[in-house]
Structures are given as C-alpha cells and as structure tokens.
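All remarks here apply to the structure that follows.
To find a chain, count down the sequence lines: A is the first, B the second, and so on, and within it residues start at 1.
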Protein chains: 2
Amino acid sequence: MEFINVSSSSSRTELETRGVRVHSHSEAERRRRQRINAHLATLRSLLPSASRLDKAALLGEVVRQVRELRVRAEEVAVVVPGEADEVGVEEDEEAARDETKTVGGGQQGRMVRAWVCCEDRPGLMSEVSRAVRSVRARAVRAEMVTVGGRTRSLLQLEVNEAEAAAAAERGEGHHSKLQAALWAVLLTNRHGAVDNFSKRERVSTRFRSRT
Amino acid sequence: MEFINVSSSSSRTELETRGVRVHSHSEAERRRRQRINAHLATLRSLLPSASRLDKAALLGEVVRQVRELRVRAEEVAVVVPGEADEVGVEEDEEAARDETKTVGGGQQGRMVRAWVCCEDRPGLMSEVSRAVRSVRARAVRAEMVTVGGRTRSLLQLEVNEAEAAAAAERGEGHHSKLQAALWAVLLTNRHGAVDNFSKRERVSTRFRSRT
DNA sequence: TTTGACACGTGAAAC
DNA sequence: TGTTTCACGTGTCAA
C-alpha cells in the first residue's frame with residue numbers, strides 16, 4: 001500500500017530541505033522507540049516469569065514485582081543491621097498502654113524503646129546491658145539480629161518513673177542520658193579486636209553467598 | 001498533513017464498511033496505548049525519584065530499581081529466617097581448607113556447616129548445643145538471626161574424624177545423625193509455652209511496623 | 001474472516 | 001529557534 005503526500009500547507013519551500021528534515025524526524029522517532037523497547041527487553045529478561053508476554057502485560061508484571069520487592073525490602077531494612085552506626089531512644093506508647101492495662105496502674109514506669117546498630121564484638125551486649133542499668137532501666141524484652149559482623153539490638157525498656165522525673169527536673173530529657181550511655185558503648189573499643197572480626201567478616205560473607 | 005490512499009488493491013468494495021473497520025481499528029489501538037500508558041503512570045507513581053521523567057528514562061530507572069531490589073531481596077532470603085521449619089547439614093569445604101591450611105594437618109577433623117530454622121523458644125540454643133555435642137561435634141562459629149519469633153541458626157562445626165569414620169562404617173552418613181538430632185530438637189516442645197510466644201510475636205510485629 | 005499486537009511516519013506541543 | 005517527546009492513525013503480520 002502506498003501513500004502520496006497531498007498536503008500543500010507546508011510553509012517549507014525547498015523540497016530537499018524538507019525531505020532531509022522529515023527523514024531526520026522519523027529517524028529520531030525510530031531511535032526513541034528503540035530506546036524504549038531496549039529497556040522493555042531488559043525487563044523481559046529480568047523477569048523470567050513474564051517472558052513472551054504482551055507489552056502491556058509485561059509492564060503489569062513489572063508493576064507487580066516492584067510492589068512486591070519494595071515491601072519486602074522495606075521490611076528488611078527495618079530489621080537488618082545497616083552499615084551506619086546508629087543509636088535511638090523513643091517512648092513506646094503502645095507497650096506502655098498494654099502494660100498499664102494488664103496490671104492496672106502506672107506503677108511500673110514508662111516504657112521506652114531503644115535500639116543500637118553497630119559492629120558486633122565480644123561483650124557488646126553486656127556493655128549495652130550496663131548502659132541500661134546505669135539509667136535505672138530494666139530490659140523487658142530484647143531482640144537481636146547479627147549479620148556479617150553487624151549487629152542491631154532492639155530493647156524494650158521499663159524506666160523508673162521517679163528517676164525519669166528527677167532527670168526531667170534537672171533539665172535533662174527522659175531519654176538523653178540513656179542515649180548518651182548507648183553512644184558511649186558504641187564509641188568504646190571501636191577498633192578493639194579488629195583482627196578477630198575482620199576474619200569473622202570474611203567467613204560470614206562466604207556463608208551468605210553459598211547457603 | 002494529509003494522505004490519500006492511492007492503493008487500489010483493496011478487496012473491500014463497500015466504503016462504509018471499510019470506514020467503520022478503520023475506526024474500530026484506530027480505537028482498538030488507542031485502548032492498547034492507554035493500557036500501556038496506565039501501567040507506565042503506575043510505575044511513575046511507584047518510583048518517587050523518577051517522577052516527571054522521560055518515558056524511556058522512566059523505564060531505565062525501573063530496570064535499575066528492579067535489579068537493586070532483586071539482589072537485596074535475594075541476600076535477605078538467605079539470611080532471614082523463613083516461615084518453614086528447616087534443618088540442614090553439609091560439609092564446608094572452604095572452611096576445612098582454610099583450617100588445614102592454617103594449622104598444617106587434617107588432625108582437627110572435618111568442617112561441617114549446619115543450620116536450623118524454627119520458632120524461637122527459651123532454651124533452644126542449649127538444646128541445639130546438646131545435639132551438637134551428642135555427635136561429638138564442636139561449634140567453631142555460630143551466627144544467629146531472630147526475627148519476629150522465628151530463629152535461624154548457622155553453625156560451623158568441627159566433627160571428630162574418628163567418629164565420622166565409625167559412623168560411616170556402620171552405614172550411616174556423616175551428617176545423618178547430626179541432622180536427626182537437630183530435627184529432634186525442632187520436634188520437641190513444639191507447642192510448649194505457646195502463650196508466652198504468641199504474645200511475644202505480637203510485640204515483635206509492632207516493632208517491625210513502627211521502627 | 002476477525003482480532004490483537006507491533007512498528008512506522010507524522011503533526012503538534014514543550015522546552 | 002530546532003530538538004525532543006508524545007499521541008495518533010495506519011499497514012502488516014500472526015493466531
């Protein structure tokens with residue numbers, strides 16, 4: 001099937017110039033299309049499940065996968081120790097409510113959630129434990145994750161109400177003392193026993209890649 | 001710019017019929033386009049970084065994200081305890097090689113990698129430890145991950161060479177005895193202290209969603 | 001035959 | 001301005 005260009009409204013007088021321009025235009029569009037399709041092909045190869053699928057269906061599958069991977073990675077980021085050293089302290093309203101509800105009064109003190117993320121080392125937990133005791137807090141629950149030499153510890157603490165009030169009167173925040181104590185743990189012996197742990201790190205990497 | 005169809009090879013005689021066909025065709029194509037573009041828009045909204053981007057560039061970004069999330073999820077799947085109970089034992093050639101290389105002989109026994117994935121419970125590790133000792137093995141290294149009440153333990157063990165040989169003579173595999181002992185740990189007290197742990201699981205979920 | 005998917009060239013609009 | 005991106009209608013091939 002052929003077409004004849006009948007349009008006479010062209011403001012361009014020289015036919016050759018126009019011919020070149022049109023050619024360039026169509027070619028540019030062609031390049032654009034092939035860029036898009038290249039990425040589409042990459043996605044096809046990336047999703048083994050969605051090979052030999054409609055272009056639209058492929059994109060739908062991509063959407064599905066991105067959503068799924070996104071939530072999974074999000075859950076993980078929360079739970080797995082990261083590369084950066086980190087200390088956090090915040091009140092745990094929900095746990096405090098549960099506690100007061102089950103027992104009846106506010107006598108047990110405020111509930112606090114604290115976490116530490118750093119390089120693992122022998123004795124780390126006892127140091128953290130000492131830091132907790134140093135602010136007259138008691139660990140109600142603890143959760144630890146250690147991966148490849150990095151540790152994240154999550155502590156649910158009950159702090160002495162009187163102690164917290166006294167700290168508040170002295171102008172200190174409820175949590176700043178605990179936070180400082182935990183930072184002190186992190187900054188202590190940061191380069192201690194490095195040899196042991198560099199070796200452990202290697203082994204751990206092996207584990208990860210082969211299991 | 002307009003076109004006149006000069007081709008006379010059309011087998012269609014009735015112009016009206018052809019007209020509706022053409023119209024239906026273009027409309028179908030339009031629907032197809034809008035299906036694709038809808039998914040593209042979804043991807044745009046899904047990737048906050050790639051808003052207001054070229055269509056091709058958007059797809060490029062999608063490819064990048066999928067690759068990144070894919071490897072992250074893969075790493076995670078290896079390391080985070082899954083929902084299914086699991087026991088594994090296999091020889092660790094690399095560790096064995098390192099060990100023999102650093103010390104010089106094969107006198108330390110074979111290196112074995114064992115792992116257990118199950119519901120966490122008090123005393124679990126000592127039971128695992130007892131299982132390890134029951135096959136005359138010694139834990140050289142251990143890595144634990146506990147998330148939301150599920151635990152995965154990874155043990156690098158040194159098994160007594162003589163013991164392994166004796167087991168082999170009795171027709172037992174090197175690892176089957178250890179594997180059985182670990183399964184026994186998993187199957188013991190499976191429903192013990194459930195109340196404590198259902199509560200713990202709830203708290204853990206809270207942690208995960210709010211930290 | 002019809003229906004759907006794809007690539008193409010083009011006009012228009014966005015800088 | 002011209003370069004680039006997008007939507008559109010169309011031809012074509014395949015089921």
Shortest non-hydrogen contact between B/Ala131 and B/Leu182, atoms and distance: CB-CD2, 4.0 Å
Per atom distances to the B/Asp54 side chain, the nearest of D/dG9, D/dT5, C/dC6 is D/dT5
So which nucleotide from D/dT10, D/dT5, D/dA7 ends up closest to the side chain of B/Asn37? D/dA7
Judged by atom type as modelled, is there a donor-acceptor pair below 3.5 Å linking the side chain of A/Ser129 to the main-chain atoms of A/Met125? no
Give the rounded distance in Å between these two atoms: CZ of A/Arg31 and P of D/dC6. 17 Å
Using a 6.0 Å cut-off, check whether atom CD of B/Glu27 has over 12 heavy atoms from anything other than its own residue. yes
Tell me if the side-chain of A/His25 makes a donor-acceptor pair with the base of D/dG2, cut-off 3.5 Å, by modelled atom types. no
Could you give the CD-to-P distance, from A/Glu27 to D/dT4, as a whole number of Å? 12 Å
Rounded to whole Å, CZ of B/Arg30 lies from P of C/dG4 at a distance of 16 Å
Let me know the distance between CG of A/Leu53 and P of C/dG4, rounded to the nearest Å. 17 Å
I want to verify a distance call: between C/dT10, C/dC6, D/dT10, whose nearest atom is closest to the B/Ser26 side chain? D/dT10
Between C/dA12, C/dA5, C/dA7, which nucleotide has the shortest distance from any of its atoms to the side chain of A/Lys55? C/dA7
B/Arg32 CZ to D/dG9 P: how many Å, rounded? 14 Å
When only distance counts, do a donor and an acceptor, one from the side chain of A/Glu29 and one from the base of C/dC8, lie under 3.5 Å apart? no
Picking from C/dA5, C/dA7, D/dT4, which would you name as closest to the side chain of A/Arg33? C/dA7
How would you label the contact of B/Arg35 with the nucleic acid (heavy atoms, under 4.0 Å): base, sugar-phosphate, or nothing? sugar-phosphate
Rounded interatomic separation in angstrom, taking CZ from B/Arg44 and C1' from D/dT5: 11 Å
Between the side chain of A/Ser45 and the main-chain N/O of A/Thr42, is any donor-acceptor distance below 3.5 Å? yes
Distance in angstrom units between B/Leu40 CG and D/dC6 P, rounded: 9 Å
Quick one, A/Met111 and A/Leu157 - any side-chain contact, counting heavy atoms below 4.5 Å? no
Round to a whole Å and report the spacing from CD1 of B/Ile36 to P of D/dC6. 13 Å
